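Reading through the C-alpha cells given below for one structure.
Because the structure is predicted, anything quoted here is derived from the model rather than measured.
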Amino acid sequence: MDTLSGFLEDLKLCEAVAHRNLAVFPLLGGLDGLPGYATLDEAAAAGTARVTEVSAGGSVPELSFVNEGKEAVLLLDGEELVGAKQNRVLNLTILVSAGASVKIPVSCVEQGRWSYRSDRFAPSGRAFFKKGRAEKVARVTENLRASGAPVADQGQVWEEIAVKMERMAVSSSTGAMSDLFEARSHGVEEYVDALAPHPGQCGAIFAIDGKVAGLELFDAQTTLAKALPKLIGSYALDALETLAPRKRAPRPPAAMDAAALLDRVREAPVSLHPSLGEGSDARFAHGNLSGAGLVARDRVVHLLAFVMEAASAGPGCGTGQTRIRRRRPRPEGPNIVY
C-alpha cells in the first residue's frame, strides 16, 4: 500500500530512551502543524463529544458516539471509556466527521457490572494494557476479514484482565481494568514521567525487557504528544508485571531490531476495510506481527503494530515468513540512528 509505505520511509528512528525495563525509540516525522481534528479527550473536555449506551438497555459490543463539534474527532483503538453500565475500550481507530453520529464497536473491560453509574461515558486517559490490546487487535482483524464485523473475543478480553489481576495481586469487585491501573498508578506514572515525547516525534517503537514489542504512529506530532502518556501507560502496566526490582534493568534492544520492525510492517500484506467514519481501516497479520491503521485524508492518520507472543500467533496471523532487511544505521542528526 503506497500511502503506508511512503509514510514509513519518511520516518527517522532515534536512539532508545529507557526507564527500568521499558524502552522507547522515538520516531520523527509527520505533520508539524494542526491535524484538522480533535482527540477524544479534547472533544470531551469541550463538551462536544457525547458517548452513551445505544439504548436504555444497552449493548455490550457497541456504544453511541455523537460529534457535536465543528471538527472531526479521532477515537483511538484501545482507549478506555468509563461510566454508564460498564467500562469499555474501543475496538479500532475511527475518525468521526463534524456533526456525525456513529455506533462504535467496543469491548467490555469490567465484567462484573451492568448497571448505570452515569448517563454518559467519559474518557479515562488510559488505554488497554499492551498484551490485552494486542490480542484484541488480532481478533478484530480475524473477524473483519471473515465477516466484516469489527468485534473482538469478549471472553478473551475478560480472561486477559483476570490473568493480569492474578499475576499482579490486584483484586476488583467488578473485574474492572481501571482497578488494575489504579492499584499500580504510582509505578505507571513513573514510566510516563520518565518517557516524555521528543521534539518532532510522531511515533514510537516500544520494547519491554529488552525485546521489541510494538509500535504506534500518528500523522501529526501534536497527536502523538497528546496520546503518548496513555500509550506509555499501556506498555508500563505490562512492564511492571515482569519488573524484577533487585536485578539490573535489561539493556534496550539495538536500533537494528527497531528498524527491522519498521521493515516488517512495511512489507506486511495489507487489507483495506470500510471505516465506520472517514477513510479506510487497514489490517495486517503476518507471522507473529499483527496491526491495524486508519488511512484518511490521503494520509496515515494512525498506525499500530504488535509483535505477538508465540501462543498468540494463531490462525489469523498467517504462517508465512516475513523477510527482514537489516539496514545499517545512518546519521541524520543528534541521536538519530535510522
Any side-chain donor-acceptor pair under 3.5 Å between [X] and [Y]?
{"X": "Glu42", "Y": "Thr39", "value": "yes"}
{"X": "Asp209", "Y": "Thr242", "value": "yes"}
{"X": "Ser271", "Y": "His273", "value": "yes"}
{"X": "Asn91", "Y": "Ser107", "value": "yes"}
{"X": "Arg283", "Y": "Thr141", "value": "yes"}
{"X": "Glu216", "Y": "His302", "value": "yes"}
{"X": "Tyr37", "Y": "Asn67", "value": "no"}

Does a side-chain heavy-atom distance below 4.5 Å link [X] with [Y]?
{"X": "Phe306", "Y": "Arg133", "answer": "yes"}
{"X": "Met177", "Y": "Met165", "answer": "no"}
{"X": "Arg126", "Y": "Glu182", "answer": "yes"}
{"X": "Phe121", "Y": "Val82", "answer": "no"}
{"X": "Val89", "Y": "Lys136", "answer": "yes"}
{"X": "Leu27", "Y": "Leu224", "answer": "no"}
{"X": "Ile104", "Y": "Leu276", "answer": "no"}
{"X": "Ser290", "Y": "Met308", "answer": "yes"}

For [Y], does its backbone N or O pair with a side-chain atom of [X] as donor and acceptor, under 3.5 Å?
{"X": "Arg299", "Y": "Val301", "value": "no"}
{"X": "Gln86", "Y": "Arg113", "value": "yes"}
{"X": "Asp179", "Y": "Ala183", "value": "no"}
{"X": "Glu241", "Y": "Asp238", "value": "no"}
{"X": "Asp77", "Y": "Thr93", "value": "no"}
{"X": "Asn87", "Y": "Gly83", "value": "yes"}
{"X": "Glu79", "Y": "Leu76", "value": "yes"}
{"X": "Glu53", "Y": "Lys85", "value": "yes"}
{"X": "Gln154", "Y": "Cys108", "value": "yes"}
{"X": "Ser97", "Y": "Ala100", "value": "no"}

Assess the residue pair Val109 and Trp158 against the criterion (side-chain contact (heavy atoms from CB on, under 4.5 Å)); give the C-alpha distance rounded to whole Å, side-chain angles, the decisive distance to 0.1 Å, and a yes or no. CA-CA 7 Å; Val109 288; Trp158 285 332; over 6 Å; no
Co-membership, hydrophobic cluster, residues [X] and [Y], 4.5 Å side-chain:
{"X": "Phe218", "Y": "Phe206", "result": "yes"}
{"X": "Val192", "Y": "Met168", "result": "yes"}
{"X": "Phe7", "Y": "Leu31", "result": "no"}
{"X": "Leu22", "Y": "Leu237", "result": "yes"}
{"X": "Val96", "Y": "Val106", "result": "yes"}

Is [Y] paired with [X] through a side-chain N to carboxylate O contact shorter than 4.0 Å?
{"X": "Lys230", "Y": "Asp41", "result": "yes"}
{"X": "Asp257", "Y": "Lys211", "result": "no"}
{"X": "Asp219", "Y": "Arg297", "result": "no"}

Contact summary for [X] and [Y], nearest pair of heavy atoms:
{"X": "Glu71", "Y": "Ala98", "value": "N-CB, 3.6 Å"}
{"X": "Pro269", "Y": "Phe284", "value": "O-CB, 3.3 Å"}
{"X": "Ala268", "Y": "Leu289", "value": "CB-CD2, 4.3 Å"}
{"X": "Val137", "Y": "Ala292", "value": "CG1-CB, 4.4 Å"}
{"X": "Ala220", "Y": "Gly33", "value": "CB-O, 4.3 Å"}
{"X": "Glu278", "Y": "Ala72", "value": "OE2-CB, 3.9 Å"}

Kindly indicate, with the supporting measurements, whether the criterion side-chain contact (heavy atoms from CB on, under 4.5 Å) is fulfilled by Leu215 and Leu262. CA-CA 8 Å; Leu215 68 80; Leu262 285 174; 4.1 Å; yes
Can you confirm if the NZ or CZ of Lys164 lies within 45° of the ring axis of Phe129 and under 6.0 Å from the centre of its six-membered ring? yes
Gap between atom CG of Leu243 and atom CD1 of Ile208 - 0.5 Å precision: 11.0 Å
Could you give the distance from CG (Leu90) to CG (Leu40), rounded to the nearest 0.5 Å? 7.5 Å
Is there a salt bridge (Lys or Arg N to Asp or Glu O under 4.0 Å) between Arg88 and Glu80 once you walk through the steps? CA-CA 6 Å; Arg88 319 289 222 288; Glu80 185 188 31; over 6 Å; no
side-chain contact (heavy atoms from CB on, under 4.5 Å) between Gln201 and Gln221, intermediate numbers included: CA-CA 6 Å; Gln201 185 177 353; Gln221 297 163 16; over 6 Å; no
Stepwise side-chain contact (heavy atoms from CB on, under 4.5 Å) test for Leu217 and Leu11: CA-CA 10 Å; Leu217 291 167; Leu11 297 172; 3.7 Å; yes
